[in-house]
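Hydrogens, waters and symmetry mates play no part in the numbers below; they use all other heavy atoms, side chains included. Whatever order the structure lists ligands and atoms in, that order sets their numbers, starting from 1.
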Amino acid sequence: MRQPSDVIVVGGGVIGLVTAWRAALKGLRVEVLDPEPGRGAAQVAAGMLAAVTELQYGEQTLLRLNLASSARYPSFVAELEDASGMDCGYRRCGTLAVALDADDRAQLRELHTFQTSMGLEASWLTGRECRRLEPMLAPGVRGGLRVDGDHQVDPRRLVAALLQACLHAGVRRHLVAAREIRVADGRARAVVLDDGRVLAADQIVLAAGSRSDRLEGLPEDVVPPVRPVKGQVLRLRVPRAHAPFLSRTVRAVVRGGHVYLVPRENGELVVGATSEEMGDDTTVTAGGVYELLRDAHELVPGITELPLVETCAGLRPGSPDNAPLIGPTDLPGLVLATGHYRNGILLTAVTGDLMAEILATGTVPEQALPFAPQRFGAARRTAPQTAPEATARELTARELTARELQEVAS
Ligand code: GLY
């Protein structure tokens with residue numbers, strides 16, 4: 001007889017793994033399901049911790065969570081490095097956001113006013129001051145914002161460290177995809193794996209990034225409203241002879257798109273990122289690479305000298321309001337940690353803390369309340385395709401029979 005675990009986490013990306021690790025540290029028995037843990041968006045992401053430079057109008061609530069996670073990062077990384085024995089590539093280097101023409105300059109000035117009104121630290125620099133700070137910048141740079149609090153982490157190292165920390169904390173891994181959530185007596189009870197096995201748990205966490213809406217068996221009104229938003233990214237290498245090429249993250253808005261250059265201590269230079277609504281497509285396209293190189297070249301002309309070592313594409317888990325879904329759902333036993341969109345790496349630290357608290361105590365910390373998955377519920381319940389009758393019929397059809405429940409427990 002197999003004892004149900006306390007928690008099953010569906011998805012072994014940074015969010016799933018940090019949830020598993022922190023929950024295990026609280027004494028919970030945790031299992032993670034993923035055919036290729038750590039191989040998703042973390043392999044593509046640049047790892048900017050850009051709470052201030054990526055501030056958007058209307059996202060003040062998200063800003064608070066982003067800032068909290070940014071502040072938590074140093075101690076989070078210290079704990080994780082201690083637990084895993086691995087370096088996470090956290091670098092306190094700051095960010096410079098620059099303007100290439102008069103329109104960009106006006107836009108950046110507005111952002112600065114907004115940042116200042118929110119009490120955030122950012123200082124305005126002239127073009128000359130920007131170039132003094134980063135001599136590789138294009139001579140035409142018109143001005144910029146120096147944000148000393150927006151740092152970076154290496155997501156590939158981060159996810160590797162999380163995998164190791166999970167292992168040390170006793171988290172069990174199943175290298176297989178989840179296919180279905182089994183619901184019985186109005187509660188999520190178990191997960192059906194692609195290989196046909198059924199694993200039961202007291203709580204099931206859906207943390208499968210942009211694929212979190214793909215599992216069968218869930219009542220429609222608890223399926224997370226996530227969608228994939230494609231990002232193409234390049235990796236270049238700065239030979240020793242060219243170092244230091246950039247000393248901090250440099251970014252700009254060029255022709256309406258974001259371009260950023262993130263220099264790692266090991267000489268890697270990450271250039272990102274496109275933002276494309278293309279469904280599940282992760283093809284690297286000539287157009288995507290061209291646009292990134294063109295925009296990055298406008299910003300830092302010298303990049304054309306550097307070896308291009310990798311091109312890749314990943315999927316951000318977008319949500320309707322660009323903020324994550326963290327916490328219990330209307331289906332008891334089902335908890336969400338998904339929809340982190342552009343802030344998955346930044347929010348890893350705080351998401352781990354919040355999820356561990358929720359899973360261990362059953363209470364939702366105040367900080368997580370604005371990100372409750374139910375905030376999208378009202379709109380969906382009034383939508384024609386989720387008429388109460390249809391939902392009720394569907395639920396009944398998906399309830400487990402008594403025999404199936406026995407299988408789940410055995
Ligand atoms: N936060 C960077 C990106 O999503 O491209």
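Heavy-atom minimum distance, Pro365 versus Ile358: CD-CG1, 3.6 Å. The two atoms that bring Arg227 and Ser319 nearest to each other are NH1-O, 3.5 Å, heavy atoms only.
With respect to atom 1 (N) of ligand 1, the closest heavy atom belonging to the protein is Arg342 O, 2.8 Å. Ranking the protein heavy atoms by distance from atom 4 (O) of ligand 1 puts Arg316 NE, 2.7 Å first.
Of all atoms in ligand 1, listed by their number and element, those nearer than 4.0 Å to a heavy atom of Ala273 are 5 (O). Listed by number with element, the atoms of ligand 1 under 4.0 angstrom from any heavy atom of Met48 are 2 (C). Annotation for ligand 1: atoms under 4.0 Å from non-hydrogen atoms of Tyr260 are 2 (C), 3 (C), 5 (O).
Thr363 and Glu357 form no side-chain donor-acceptor contact under 3.5 Å, judged by distance and modelled atom types alone. Side chain to side chain, Glu305 and His242 fail the donor-acceptor criterion of an N or O pair below 3.5 Å.
Contacts with ligand 1 closer than 4.0 Å are made by no heavy atom of Tyr341, backbone or side chain.
Atoms OH and CD, from Tyr290 and Gln232 in turn, are 14.5 Å apart once rounded to the nearest 0.5 Å.
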